[in-house]
Amino acid sequence: MKPVNAVITKIVDETPTIRTFYFDTSFEPVPGQFVMVWIRGVDEIPMALSYDNAITVQKVGHATSALFELEEGDSVGIRGPFGNGFDVKKGHIVLVTGGLGAAPLAPLAEKAGASGIKVTTLLGAKTKDELLFRERFEAVGEVRVATDDGSIGKHGYVTQLLEDAKNYSQLYCCGPEIMMKKVLDKVVPSKAQFSLHRYIKCGIGICGACCVDGLRVCKDGPVFSGDILKRTEFGVYRRNECGERIKV
Amino acid sequence: MKPVNAVITKIVDETPTIRTFYFDTSFEPVPGQFVMVWIRGVDEIPMALSYDNAITVQKVGHATSALFELEEGDSVGIRGPFGNGFDVKKGHIVLVTGGLGAAPLAPLAEKAGASGIKVTTLLGAKTKDELLFRERFEAVGEVRVATDDGSIGKHGYVTQLLEDAKNYSQLYCCGPEIMMKKVLDKVVPSKAQFSLHRYIKCGIGICGACCVDGLRVCKDGPVFSGDILKRTEFGVYRRNECGERIKV
Amino acid sequence: MLSITLTGLKLKNPLMLAAGIMGTTGGSLKRVAESGAGAVVTKSIGLEPKSGHSNPSMVEVDCGYLNAMGLPNPSYKNFQEEIDTAKEGDVPVIASIFGGCSLDFSEIASALRADAFELNVSCPHAHGYGSEIGTDQALVEDITRAVKDAVKVPVWVKLTPNVTDIKSIGLAAEHGGADAVVAINTIRGMAIDIESGYPILGNKFGGLSGRAIKPVAIKCVYDLYETLDIPVIGVGGISDWRDAVEFIMAGAQAVEIGSAVGNNINIFNDISSGMEAFLEEKEWTLDDIYGVAHEV
Amino acid sequence: MLSITLTGLKLKNPLMLAAGIMGTTGGSLKRVAESGAGAVVTKSIGLEPKSGHSNPSMVEVDCGYLNAMGLPNPSYKNFQEEIDTAKEGDVPVIASIFGGCSLDFSEIASALRADAFELNVSCPHAHGYGSEIGTDQALVEDITRAVKDAVKVPVWVKLTPNVTDIKSIGLAAEHGGADAVVAINTIRGMAIDIESGYPILGNKFGGLSGRAIKPVAIKCVYDLYETLDIPVIGVGGISDWRDAVEFIMAGAQAVEIGSAVGNNINIFNDISSGMEAFLEEKEWTLDDIYGVAHEV
Ligand SMILES: Cc1cc2nc3c(=O)[nH]c(=O)nc-3n(C[C@H](O)[C@H](O)[C@H](O)COP(=O)(O)OP(=O)(O)OC[C@H]3O[C@@H](n4cnc5c(N)ncnc54)[C@H](O)[C@@H]3O)c2cc1C
Ligand SMILES: Cc1cc2nc3c(=O)[nH]c(=O)nc-3n(C[C@H](O)[C@H](O)[C@H](O)COP(=O)(O)OP(=O)(O)OC[C@H]3O[C@@H](n4cnc5c(N)ncnc54)[C@H](O)[C@@H]3O)c2cc1C
Ligand SMILES: Cc1cc2nc3c(=O)[nH]c(=O)nc-3n(C[C@H](O)[C@H](O)[C@H](O)COP(=O)(O)O)c2cc1C
Ligand SMILES: Cc1cc2nc3c(=O)[nH]c(=O)nc-3n(C[C@H](O)[C@H](O)[C@H](O)COP(=O)(O)O)c2cc1C
Ligand code: FES
Ligand code: FES
């Protein structure tokens, strides 16, 4: 599929560094799927769909900065949705988010909540102002908060909020890889799903740039079950744009 | 579409020069549609479907001779069905055939007969032995016969059997072009359909080899209404393989 | 809003019938003209009547067609009346011609009256003609100049993509005095019947056309636009208005449509209205999009 | 029944992973090996780590894909461990390598242990590499000889279709001592976003792969088989067992599969069983169909 022209209809500041861009196009994703966002003349980067028709972006480098310069009425090219998305399980689920990790998990929370699944969210961020989508998670269940600087909630990492892991039917996690690795080490791997970040080039499962051992994040993932990840380099090293190994 | 491999399951001698080849594949044609029959290593030639799964061939040159050398179990490549086929009208229809022209008309007779349409056939051939599909036409209605040599039926051309043209709701005609032209001159053009023969190369409406003025026999035809043909070179000249005009 | 002037010819729209498509008879050319084409190009016409390769001469493949017609044509000696009939369609009629050397080309061009000539030095499956000469810069320049000397109307040169560097061949045409280049002719290709092992085409191999080749054609047009001063006419795989727009953005001043005519003879009208609606919505003119891919 | 010996390598089937497809990490190569491939070819590896062209680096088009990865790779200095991991998949691992001159190639080849080398002189979108050298007979011969001198394992040369005459480049490889040629790499192509006029790929143009290019690849394999004494390995647009059979009939001793792996990583098993069923039904062996299109 060629990029679809998606016109920005609304821009919302979520935190001082994070903005949501709404488009005129709905991508009808499964929660956890992502799109490739082409900022023309700049770069094309992967972004989770935080709503059916929106992405939520943190300004970190040249492409995200270029995105932050766009205004309502401007457009980007979008390919996708790609990947598998989360597999929603019945019972009482727990979501563990770190920073931007809330972006793919918020639609999951809403979908699960709407179908009567009990949802608890452990929401982590660097500081109070950077907590993302707190209200969306609160609307469907209990939310516990942790911040690195202690400006709100628990002072420390969100992983520290996770003590009763075995009480949940399934755990869903997205955040920095080190954080996810810590979570994986605390849970029954088969009862946890993780949404991974890797360097994405093609986005369609061909080039292999995104591989975690044999697994393609863009096609077989980005969501993987913990028991699959246990057997891989996940949490140990990732690859840079060249395919060189980089310690996580 | 690439050629389908069609295995010859049965060969029937219809007349001393005409054979029917049955295939293991049904092409589900509209009566009057044709296929391109590829005798591998020799040539590919157009043939009307005389049954859903058969063609009826007169040996006239190198490709048809090669076809006559094939046996049951041998195969040919077939593309199609192509073209429009006859438009079946209610009421009392008349079929006018000359020689091989019976091949596309016999399935039309059967289809019309099966749906309660009254069918009269004027069946022409050079001589008694060369009358094609007489029983198939007789099974669905009255048949009147003419032979060039008078060996059976009227002595003369089948066109001479056509006196009461206006009594029929629709006339269907296939045979040598001169014969069809004579028929066209005798009828209300809009009440007659003619199946044309032209040199076919691509069979799919692209190359233009088969054009009768602007009309592509392979795609817009091979069946045309008389009123359309009235305005063309039909019956005046045809084209050879080079596209040169040849008097009919 | 789609009208253009192309090498001096006034076209109501930039959409032309490609050579070899319904182009052997005046009647069929006229029909296409009346179906909305801005101009029509005839089948390539040679010195003597030619019946072409034996069948199968065309076969559908994934996303396109392979053909090896073998340049069947009635010879220029029998073709003026077809051109005259085509002219009744009231759009420019471009005579596509082919030959084995510059003398052939100029003999044919001098004998025919047409609104322009398109020199086919690019057919990939006619031995001694077409791309066998169109890969040679000196020959292309020579032939172009010979035809330019022989006629007063615009001369276009149709290029083959089956070369290491299409730009150098385009330059040769420009040096020879061409008024425009046309890119691309079909790409060498082949299909084999796995039931029997036979190559499907009577000629064994042929030329690939249709949607499959569009990205290749776009790249050729883009490169030629960068290199040449004369206009580039785009052809290859156009099947809807989006494709036509893409070619114009790549640098084509006009386009030709071939294979897609088979399933939709009304394609010229369809594309015109699609393009008009698009330009209107974007508030762009044809000129705004012409070559724009080079400027962004 | 599908096993073959290819340039001395024993393969359980003639279906290999093409270069550049899930080929940067040992883990992914191993996975493909375990999914039924007869052998796997790595991503093309160069002298220094390279991040490739900026995104978009791949886009789907009608019946295929355009890519301009720009040869991202971790350099041969970081690649032996990946090859070693790949070897755990228990099939031959072929190292694809690229460079700017014969010295680059032989430096890389001498440093890597692999079951064979495939020389990429054909990537259409890496400046100074790939097809910029693979269109030059002397360079191809030179590079091939340099690598042959440097290693003891078989050396294959991967050819570009973006040339006037692929046979002459194949001959150059043969003269240089190549054990086989591989045809084809992608075809130069380009796509433009009509909403904005931007070429879609970050590199503006790229290489066309997938079903669109199969007829072109078949023709190249057919021509090379006629011309060369060394085996030809076919690649380009294979997406089912029929395609694989078609290549072998055209003269490919084995084939490589690229783009189609994206949607079906199990394609090697699927094609093996399809081919086996076909050969059984026809009562043919692999040898019966090899090059048969030349004999009918
Ligand atoms: C499946 C997936 C979903 C993601 N979802 C979100 C999201 O919802 N919100 C969000 O803000 N970010 C998300 N990201 C991360 C986002 O893609 C990067 O922040 C973005 O690419 C940075 O681009 P840049 O040019 O601004 O940064 P750069 O200056 O290019 O680099 C900054 C960082 O971004 C990484 N990066 C750059 N290009 C890519 C690429 N093509 N693929 C992966 N990483 C890249 C670099 O490795 C580096 O670590 C997601 C990543 C993946 C893989
Ligand atoms: C739509 C259509 C339906 C036909 N249906 C039948 C049928 O049901 N039964 C039947 O016996 N014949 C049919 N024909 C005629 C048949 O195609 C020719 O008899 C056949 O092509 C002769 O091939 P040949 O090689 O044996 O003859 P040749 O030696 O090649 O030539 C003998 C005659 O056949 C004509 N011919 C050759 N090739 C073609 C071609 N590609 N297209 C059209 N005519 C050709 C020649 O012009 C010549 O007049 C049909 C033709 C058309 C156009
Ligand atoms: C059946 C057929 C016949 C053709 N004949 C000619 C020809 O005579 N002269 C020529 O220059 N090009 C000829 N071509 C090439 C087309 O003009 C055109 O360049 C090519 O088909 C690519 O365009 P398309 O993808 O729109 O078909 C022919 C193409 C086809 C399919
Ligand atoms: C994403 C991608 C990356 C590729 N990288 C390489 C490469 O590094 N070296 C190489 O020789 N060929 C490379 N190729 C070309 C393929 O190996 C193959 O020749 C081509 O894609 C045609 O095969 P296909 O149609 O089966 O994909 C690449 C192709 C694709 C699609
Ligand atoms: S980014 Fe290419 S396979 Fe995932
Ligand atoms: S035979 Fe080609 S258009 Fe009819």
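Everything quoted here is computed from the prediction, not taken from an experiment. First the proteins, then the strands, lettered A, B, ... as listed; each starts at 1.
Inter-residue side-chain proximity for D/Val59 and A/Pro3 is flagged as met; some heavy-atom pair is nearer than 4.5 Å. By the 4.5 Å heavy-atom criterion applied to side chains, A/Asn240 and D/Ser51 are not counted as neighbours. Proximity of A/Met36 to D/Pro56: side-chain heavy atoms (C-beta onward) are nowhere separated by under 4.5 Å. When side chains are defined from C-beta on, D/Thr24 does not count as touching A/Arg239, because their heavy atoms never get closer than 4.5 Å. Side chains of A/Lys201 and D/Ser57 form a contact here, defined as non-hydrogen atoms less than 4.5 Å apart. Taking 4.5 Å as the limit, every side-chain heavy atom of A/Ser75 sits out of range of all side-chain heavy atoms of D/Glu195.
Applying the 6.0 Å contact sphere to NZ of A/Lys186 captures more than 12 heavy atoms from other residues, nucleotides or ligands. When the shell of 6.0 Å around OH of A/Tyr22 is examined, it contains more than 12 heavy atoms from other residues, nucleotides or ligands. Within a 6.0 Å radius of NZ in D/Lys12, more than 12 heavy atoms belonging to other residues, nucleotides or ligands are found. Within 6.0 Å of the NZ atom in A/Lys230, the count of heavy atoms belonging to other residues, nucleotides or ligands exceeds 12.
D/Ser28 contributes atom OG, which lies 8.5 Å from atom CG of A/Asp213 (distance to the nearest 0.5 angstrom). The CG atom of D/Asn55 sits 9.5 Å away from atom CD1 of A/Ile45, with the distance rounded to the nearest 0.5 Å. If you take CZ on A/Arg79 and CE on D/Met58, they are separated by 8.5 Å, rounding to the nearest 0.5 Å. Note that CD1 of D/Ile265 is 11.0 Å distant from CD1 of A/Ile206, once rounded to the nearest 0.5 Å.
Between A/Arg245 and D/Glu81 there is a salt bridge, with a side-chain nitrogen of the basic residue lying less than 4.0 Å from a carboxylate oxygen of the acidic one.
Put simply, of A/Gly203, A/Gly208, A/Gly77, A/Ala63, the one with the most heavy-atom pairs under 4.5 Å next to chain D is A/Gly208. When each of D/Val261, D/Leu29, D/Asp193 is scored by its heavy-atom pairs under 4.5 Å with chain A, the top score falls to D/Asp193.
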*Apply side chain to side chain contact (heavy atoms under 4.5 Å, CB included) to A/Cys207 and D/Met69, showing your working.*
CA-CA 8 Å; A/Cys207 74; D/Met69 293 288 150; 3.6 Å; yes
*Check the pair D/Arg31, A/Asp220 against side chain to side chain contact (heavy atoms under 4.5 Å, CB included), reporting the backbone distance first and the verdict last.*
CA-CA 13 Å; D/Arg31 179 178 178 200; A/Asp220 307 308; 2.7 Å; yes
_Residue pair A/Lys2, D/Asp62: steps toward the salt bridge (charged side-chain N to carboxylate O under 4.0 Å, His left out) verdict_ = CA-CA 9 Å; A/Lys2 289 199 188 173; D/Asp62 290 341; over 6 Å; no
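Looking at D/Phe79, there are no atoms closer than 4.5 Å to chain A (heavy atoms on both sides), in backbone or side chain.
When every heavy atom of A/Gly214 is checked against every heavy atom of D/Met22, the shortest pair comes out as O-CE, 3.8 Å.
Donor-acceptor pairing under 3.5 Å is recorded for the side chains of A/Lys219 and D/Asn263.
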